[in-house]
There are 2 protein chains.
Amino acid sequence: MSIYVEKNRRTKRLIQDSFLQMLENKPFEAITIGDIAKRAKINRGTFYLHYKDKFDLLEQIEQKLFADLGTHIDQLQSRYTATLTFEEEQERLAVTFFSFIERQSPVLKILLSDHGRAGFHLRFRDAFAEKVRLNLEKNKDFNAKLKVPLEYFLSFITSAFLGLIEQWLQDGLDQTPQEMTALYIDIISFIRDGNGA
Amino acid sequence: MSIYVEKNRRTKRLIQDSFLQMLENKPFEAITIGDIAKRAKINRGTFYLHYKDKFDLLEQIEQKLFADLGTHIDQLQSRYTATLTFEEEQERLAVTFFSFIERQSPVLKILLSDHGRAGFHLRFRDAFAEKVRLNLEKNKDFNAKLKVPLEYFLSFITSAFLGLIEQWLQDGLDQTPQEMTALYIDIISFIRDGNGA
DNA sequence: TACAATTTTGAACAGGCTGTTCAGTTTTAC
DNA sequence: GTAAAACTGAACAGCCTGTTCAAAATTGTA
């Protein structure tokens, strides 16, 4: 039984890999089940033993990604238990995010591009926003000082973050997560101290 | 001849309207040419007299939108010729953007949602970024003070902006463009003066 | 090794959508 | 009224989908 699951997983992984490789060259809509099967060297019918359809396949890939985001953050966040200032904690969260992106960059590069599926950036941003919200709620001062609706602030800051990520991925991950965090902080500082764009 | 074009445009508009209406309920991938033709009450073959395929249709809608963004900004920006401070000019650009979004909200709501086509938010953001870049280049101090690559700053700020827009559209345009601009400025101020998130 | 359970294969099938063709009809402008 | 332009209806080959089923291959276990 245990190995059957192994085998089951192996074929699923084969399908997912072929699919993702194919997405690098072709947009989602243009890829057929036949294409995937051919590249994975399996029978077309076998695909349907594992997935309902193309959308189900992508959905499962997305879900795996979101699950990984959760565990990755929990791992890194719980590593240091020292009390940090609000700013330090935000910085630590930023590094955690960027290192997650680096780790999942092959998949994210595709899912966020125009070869992926519409709305992925919204779903991804929401997953992000949820983590940020939890972090912000720890700080009691925050909500008192914030005058705009929290939802708007979250959309603003997580979208900005996602913007950096997209640029980063587009530039071929030419920086480390630490450098990206520094860059993020520089921009915040620039807005704070420099010209108010 | 002139009216032929008229008629030609009328059918195209009929197709576009039916298509956009349909996109409110069904995702792009699920819509067939037959569906569009049926709703537009035209022959399926007529569709192909105007568009190459479904993608061509959406592309033309997008292009019209981007063209409108250009004219809309040029109009509003050239209205007042008084000399403004950098901050005042940024604010004016923000109002212009938000009023454009309001004007094109029916289409944008769909194109930015998961019913649209993958990558639209990137294309839209790029169009935005181009306008912001032109505005920023006027200010000589800006590039001197900015220490991070301009591309990253642009991605950051335009994505943040787009985040506000998405939230705004999602909330059913419950605020005026002026109120959204105030909200935008409040968030910037909050980052500047309040807690450094 | 032999066996049984599980998984995969190959082939076939109906059904739907695509994009094109073409002769005939309708609409439009002058 | 006429000629050009636009649209219609019907048909078509081609491709992809999702399902079925018996046969074959793979796997773990006795």
Side-chain angles (χ1 to χ4, degrees), chain A residues 1-64 110 114-118, chain B residues 1-64 110 114-118:
Chain A
M1 180 64 176
S2 66
I3 304 278
Y4 282 150
V5 174
E6 251 301 294
K7 185 164 169 41
N8 196 292
R9 289 245 173 87
R10 227 190 32 164
T11 305
K12 284 191 89 165
R13 214 167 293 149
L14 213 70
I15 293 173
Q16 292 196 359
D17 289 348
S18 306
F19 178 57
L20 287 172
Q21 281 165 31
M22 199 149 269
L23 270 176
E24 289 174 23
N25 309 316
K26 267 190 192 181
F28 177 74
E29 317 105 3
I31 295 175
T32 68
I33 312 290
D35 288 338
I36 301 168
K38 199 172 176 182
R39 172 172 275 235
K41 287 175 187 163
I42 57 157
N43 193 276
R44 195 169 65 86
T46 308
F47 177 92
Y48 292 102
L49 294 173
H50 298 280
Y51 302 100
K52 199 175 148 285
D53 51 29
K54 234 173 40 168
F55 303 96
D56 184 35
L57 168 56
L58 197 59
E59 242 162 62
Q60 290 193 30
I61 290 176
E62 279 191 19
Q63 276 171 21
K64 222 168 67 177
I110 295 165
D114 56 359
H115 282 185
R117 242 197 116 195
Chain B
M1 181 64 180
S2 66
I3 303 278
Y4 282 148
V5 174
E6 251 301 293
K7 184 160 172 40
N8 197 292
R9 290 245 173 88
R10 226 189 36 164
T11 305
K12 283 191 90 164
R13 214 169 293 151
L14 212 71
I15 293 174
Q16 293 196 357
D17 288 348
S18 306
F19 178 57
L20 287 171
Q21 282 165 29
M22 200 149 266
L23 271 175
E24 289 175 23
N25 308 316
K26 268 190 190 180
F28 176 74
E29 316 105 4
I31 296 176
T32 69
I33 312 290
D35 289 337
I36 300 168
K38 199 172 176 182
R39 173 172 274 235
K41 288 175 187 163
I42 56 157
N43 192 276
R44 195 170 63 86
T46 306
F47 177 93
Y48 292 102
L49 294 174
H50 297 280
Y51 301 102
K52 198 175 147 287
D53 50 31
K54 233 172 41 167
F55 302 98
D56 184 33
L57 169 55
L58 198 59
E59 240 163 63
Q60 289 193 30
I61 290 175
E62 280 192 18
Q63 275 172 21
K64 220 167 71 178
I110 294 166
D114 56 359
H115 281 186
R117 244 197 114 193

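Throughout, a chain's letter reflects where its sequence line sits, starting with A, and its residues are numbered from 1. Quick caveat, the model's predicted, so the values are computed rather than measured. Scope of the values below: all heavy atoms of this structure, side chains included, with no hydrogens, waters or symmetry mates.
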**OP:** Working to the nearest 0.5 Å, report the span between CG of A:Asn25 and CD1 of A:Ile110.
**Re:**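 The CD1 atom of A:Ile110 is 9.0 Å from CG of A:Asn25, to the nearest 0.5 Å.
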Subject >> CG-CZ distance between A:Leu23 and A:Arg117, expressed to the nearest 0.5 angstrom >> reply: 12.0 Å
Can you check whether [X] has a side-chain N or O nearer than 4.0 Å to OP1 or OP2 of [N]?
{"X": "A:His50", "N": "C:dT7", "value": "no"}
{"X": "B:Asn43", "N": "D:dC7", "value": "no"}
{"X": "B:Thr46", "N": "D:dA6", "value": "no"}

**OP:** Could you tell me whether the side chains of A:Glu59 and A:Tyr51 share a donor-acceptor contact shorter than 3.5 Å?
**Re:**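 Their side chains do not contain a donor-acceptor pair, so the 3.5 Å distance test is not met.
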What's the [atom1]-[atom2] distance between [X] and [N], to the nearest Å?
{"X": "B:Leu14", "N": "D:dA6", "atom1": "CG", "atom2": "P", "value": "16 Å"}
{"X": "A:Phe55", "N": "D:dT17", "atom1": "CZ", "atom2": "P", "value": "10 Å"}
{"X": "A:Leu49", "N": "D:dA25", "atom1": "CG", "atom2": "C1'", "value": "14 Å"}
{"X": "B:Arg10", "N": "D:dA5", "atom1": "CZ", "atom2": "P", "value": "18 Å"}
{"X": "A:Ile15", "N": "C:dT8", "atom1": "CD1", "atom2": "C1'", "value": "11 Å"}
{"X": "A:Glu29", "N": "D:dC15", "atom1": "CD", "atom2": "C1'", "value": "17 Å"}
{"X": "B:Lys41", "N": "D:dT8", "atom1": "NZ", "atom2": "P", "value": "13 Å"}

**OP:** For A:Asp17 and A:Leu14, indicate whether the former's side chain and the latter's backbone hold a donor-acceptor pair under 3.5 Å.
**Re:** no
Original post:
Is it true that a side-chain atom of A:Lys54 and a backbone atom of A:Phe28 form a donor plus acceptor pair closer than 3.5 Å?
Top reply: yes
**OP:** Indicate, with a heavy-atom threshold strictly under 4.0 Å, whether A:Ile42 touches base, sugar-phosphate, or nothing.
**Re:** sugar-phosphate
Original post:
Does some side-chain heavy atom of A:Arg39 sit less than 4.5 Å from a side-chain heavy atom of A:Asp35?
Top reply: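 With C-beta onward as the side chain, the pair stays apart.
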Check nucleotides 17-21 of chain C for protein N or O atoms closer than 3.5 Å to its own N or O atoms and list the pairs.
unit_1: C:dT18; atom_1: OP1; unit_2: B:Ile33; atom_2: N; d: 3.3
unit_1: C:dT18; atom_1: OP2; unit_2: B:Ile33; atom_2: N; d: 3.3
unit_1: C:dG19; atom_1: OP2; unit_2: B:Tyr48; atom_2: OH; d: 3.0
unit_1: C:dG19; atom_1: N7; unit_2: B:Arg44; atom_2: NH1; d: 3.1
unit_1: C:dG19; atom_1: O6; unit_2: B:Arg44; atom_2: NH2; d: 2.9

Original post:
Would one find more than 12 heavy atoms of other residues, nucleotides or ligands at under 6.0 Å from atom NZ of A:Lys38?
Top reply: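 No, because the 6.0 Å sphere around NZ of A:Lys38 holds 12 heavy atoms or fewer from other groups.
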